[in-house]
Amino acid sequence: MNPSSKPERRIELSWQDVERLVLDLKPKLLEAGPFDAILCVTRGGLIPAGLLSELLDLRNVMAASVVFFCGPWQTERRPLFWQFPSGDDLRGKRLLVVDDVWADGELPMAVKTRAIAAGARPSVVVLHYRRSLSHFPNDGPDFFAAETDDWLVYPWERLTG
């Protein structure tokens, strides 16, 4: 699929679909673990992070709130972090950076890069990997439950209309 083209199908996921995806991730994460904490990428990563927190018995859950911004004085978009844990909270920790989907990859990679700069050892986990849209052809999530090119609508997104 051409990265500039739109997905052909719109898939509305159910809560059961999300539970199945998270359960599919569990054995992969247990084998790769242990992890010290979860760093969820808001907003899409909030619910998957909560579910993984329960499944993996990880109670240390932190949030990274980031958007991409291009001001009038800039020539390229840059991540703007509204919220991010302190370096003391991350240094030396094995983190799961959790988001719902890796589309272009900019959000999870921005969080991963900042976590590395803080001294953490992050691994990115997403429910869906959209490889064809990724801006990082030589990188991607460390763990994903499914790969797709479809336009995904998660249950929590349907609340916005």
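Values below: all heavy atoms of this structure, side chains included; hydrogens, waters and symmetry mates excluded. Computed from a predicted structure; not experimentally measured.
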J.: Should the ring pair Tyr129 and Trp102 be called parallel, tilted or perpendicular, given that the plane angle runs from 0 to 90° and is split at 30 and 60?
T.: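 Judged by the thresholds at 30° and 60°, the geometry between Tyr129 and Trp102 is perpendicular.
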J.: Please give me the minimum heavy-atom distance between Lys93 and Asp88, naming the atom from each residue.
T.: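 Answer, listing the atom of Lys93 first, then Asp88: NZ-O, 4.4 Å.
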J.: If every non-hydrogen atom of Leu152 is compared with every non-hydrogen atom of His128, which pair is closest and at what distance?
T.: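 In terms of heavy atoms, the two residues are closest at CD1-CG, 3.3 Å.
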J.: Only counting residues at least two apart or in another chain, list the ones meeting side chain to side chain donor-acceptor pair (under 3.5 Å) with Ser53.
T.: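 Ser53 satisfies side chain to side chain donor-acceptor pair (under 3.5 Å) with no other residue.
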J.: Show the nearest heavy-atom pair for residues Gly44 and Trp156, with the distance to one decimal.
T.: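 Here Gly44 and Trp156 meet closest at O-CZ2, 3.9 Å.
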J.: Got a donor-acceptor contact below 3.5 angstrom from the Tyr154 side chain to the Asp100 backbone?
T.: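 Yes.
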J.: Hey, is the main chain of Glu106 close enough, under 3.5 Å, to the side chain of Asp104 for a donor-acceptor pair?
T.: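 At least one qualifying donor-acceptor pair exists.
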J.: Please set out all donor-acceptor pairs under 3.5 angstrom arising from side-chain atoms of residues 28-37, sequence neighbours excluded.
T.:
from, atom 1, to, atom 2, distance (Å)
Lys28, NZ, Phe144, O, 2.9
Asp36, OD2, Arg94, N, 2.7

J.: Indicate if Val61 and Leu56 have the same hydrophobic cluster label, given that clusters are the connected sets of ILVMFWY residues with side-chain heavy-atom separations under 4.5 angstrom.
T.: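 Yes, Val61 connects to Leu56 through the hydrophobic network.
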J.: Keeping the roles fixed (side chain from Arg121, backbone from Gly92), state whether a donor-acceptor pair exists under 3.5 Å.
T.: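 Yes: the side chain of Arg121 pairs with the backbone of Gly92.
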J.: Mark yes when over 12 heavy atoms from residues, nucleotides or ligands other than Glu12 sit less than 6.0 Å from its CD; otherwise mark no.
T.: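 Yes, because the 6.0 Å sphere around CD of Glu12 holds more than 12 heavy atoms from other groups.
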J.: Check for a donor-acceptor pair, side chain of Ser134 on one end and backbone N or O of Pro137 on the other, with a separation under 3.5 Å.
T.: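 Between the backbone of Pro137 and the side chain of Ser134 there is no qualifying donor-acceptor contact (under 3.5 Å).
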J.: Does any part of the side chain of Leu52, heavy atoms only, come nearer than 4.5 Å to the side chain of Val98, both counted from C-beta?
T.: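 Answer yes - side chains close enough.
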J.: Under 4.5 Å between any side-chain heavy atoms of Phe143 and Val126, yes or no?
T.: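 Heavy-atom side-chain distance check fails, nothing below 4.5 Å.
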J.: When rounded to the nearest 0.5 angstrom, what is the spacing between OG in Ser123 and CG in Leu39?
T.: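 So the OG of Ser123 and the CG of Leu39 are separated by 12.0 Å.
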J.: Taking the basic N atoms (NZ, or NE/NH1/NH2) and the acidic carboxylate oxygens, is any pair closer than 4.0 Å for Lys26 and Asp24?
T.: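 No, no charged N to carboxylate O under 4.0 Å.
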J.: Check whether any side-chain heavy atom of Ile38 sits under 4.5 Å from a side-chain heavy atom of Asn60, and report yes or no.
T.: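 A side-chain contact under 4.5 Å is absent here.
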